[in-house]
Amino acid sequence: MAAPSAFPTPLVMRLLAASVSVSYKAGNIIRDILKTGDLGIIEKGKNDLQTEADRAAQRCIVATLHKQFPKVAIFGEESLDPTEKIPDDYIVKDLDPGVLSHPCPEGYKDVTDDQVVIWVDPLDGTAEFTQGLLDHVTVLIGVAVNGEARGGVIYQPYYNYEAGPDADLGRCIWGLVGLGSFGFIPGTPPADKNLITTTRSHSDWIITEAVNSCEPTDIIRVGGAGHKVLLLLEGKVHAYVFASKGCKKWDTCAPEAVLHAIGGRLTDILGNPILYHANVQRQNAGGVLATLQKHQWYVDKIPQEIKDNFVSDKPSEEMLEKKRLLASMKFQSGDAGSSVDPPEFSQGDYSKASKCSDKTKL
Ligand SMILES: Nc1ncnc2c1ncn2[C@@H]1O[C@H](COP(=O)(O)O)[C@@H](O)[C@H]1OP(=O)(O)O
Ligand SMILES: [Mg+2]
Ligand SMILES: [Mg+2]
Ligand SMILES: [Mg+2]
């Protein structure tokens, strides 16, 4: 037996390794349930469905991560009965060796349980799943550190499904800001076009106006937040524009981290960061805007009359305290030239941030 390492694997790397491993299992569960032909569809609200695949995949992911990381806060999209018996084989014990083969970036080595929040969307693209648009479906597991999206897993259970009945299905994409993203071939979108992706199943006139104001040459309407960020990662579109409050933290945490890890950005449509601390509002009340390049150009293109309908996330007391502390250090050192803003304050202006209201039931 190998001697135990003097340097235990840091929490963030173990969390990502566990999330990658459990995403494969969640993908199997989703495929198995579709094969039964009985999706057990429940209507949660207007244009908002849940299937047995959403429920079962969440049970598997949350039970696994809770078992391995009992002190870490985990929020899943679906409201489920916490007393329900979870099948033994839903608890995945593996840590993906591919993730563990990477060195942990310096900034994450001392991260503790209380600094982390996991956001789980067990099945993103439910509307499309029920309509047979299977490649729009993803499983999303996001790792937020100090309120920012840092690590993410996007598992696409039906990747390759058009290759026929014997095709090997599924792929796992994961990333960590500071390390990089893995599991796909990055691409660059055509320079002579402006391809914009947006919703196909939750559209309204504001969403359409916001997309049109960004001067698209083509509009690609597909399902799922995870799927749309995959289009960005692979260079199939230039921007993802969603001027709607419909997406929640579990829709954007993992995609944001994977995109950010290769140099892209995902913010609200005001250009402010989306925050992921435990008591943040669940709804992305500022909408969603994601790009690989020229982010500010898209922010500037969206008219103020549209922006006025949206509100950015409010930072937590801890974030504000950290900012105050850093500001006082800057004052004491008398170094007015160098920036000491912590990363969560580096991208946006909080002066217009909304009051935090958490009305969404978990
Ligand atoms: N109005 C809404 N109601 C419920 N979920 C929404 C709404 N708008 C977006 N979403 C969630 O965000 C994802 C991306 O939106 P869209 O596909 O419309 O672009 C959806 O697949 C859905 O996630 P989920 O499928 O996990 O419920
Ligand atoms: Mg849903
Ligand atoms: Mg979703
Ligand atoms: Mg979902």
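Counting convention: from 1, in listed order, for ligands and their atoms alike. As the structure is a prediction and not an experimental result, all values here were calculated from the model.
A donor-acceptor pair shorter than 3.5 Å cannot be found between the side chains of Asp96 and Ser21. For the 3.5 Å distance criterion, the side chains of Asn279 and Ser316 fail to qualify, holding no donor opposite an acceptor. For the residue pair Asp54 and Gln58, no side-chain donor N or O sits within less than 3.5 Å of a side-chain acceptor on the partner.
His295 meets the ring pair (Phe, Tyr, Trp, His ring centres under 6.0 Å) test with no other residue; sequence neighbours excluded.
Within the protein, the N, O or S atoms lying under 2.8 Å from the Mg ion (ligand 3) are Asp121 OD2, Asp124 OD1, Asp251 OD1.
Surrounding NZ of Lys67 are at most 12 heavy atoms belonging to other residues, nucleotides or ligands under 6.0 Å away. Remark: Lys193 NZ is loosely packed, at most 12 non-hydrogen atoms of other residues, nucleotides or ligands lying under 6.0 Å away. Surrounding CG of Asp88 are at most 12 heavy atoms belonging to other residues, nucleotides or ligands under 6.0 Å away.
Phe310 belongs to a hydrophobic cluster whose other members, connected by ILVMFWY side-chain contacts under 4.5 Å either directly or through intermediates, are Ile196, Trp205, Ile206, Val211, Ile219, Val241, Ile269, Leu289, Trp297, Tyr298, Val299, Ile302, Ile306.
Remark: the backbone N or O of Val62 is not paired with any side-chain donor or acceptor of His66 at under 3.5 angstrom.
Within 4.0 Å of ligand 1, the residues that place a heavy atom are Asp48, Glu77, Asp121, Leu123, Asp124, Gly125, Thr126, Thr199, Ser201, His202, Gly223, Gly224, Ala225, Lys228, Phe242, Gly246, Cys247, Asp251, listed by chain and number.
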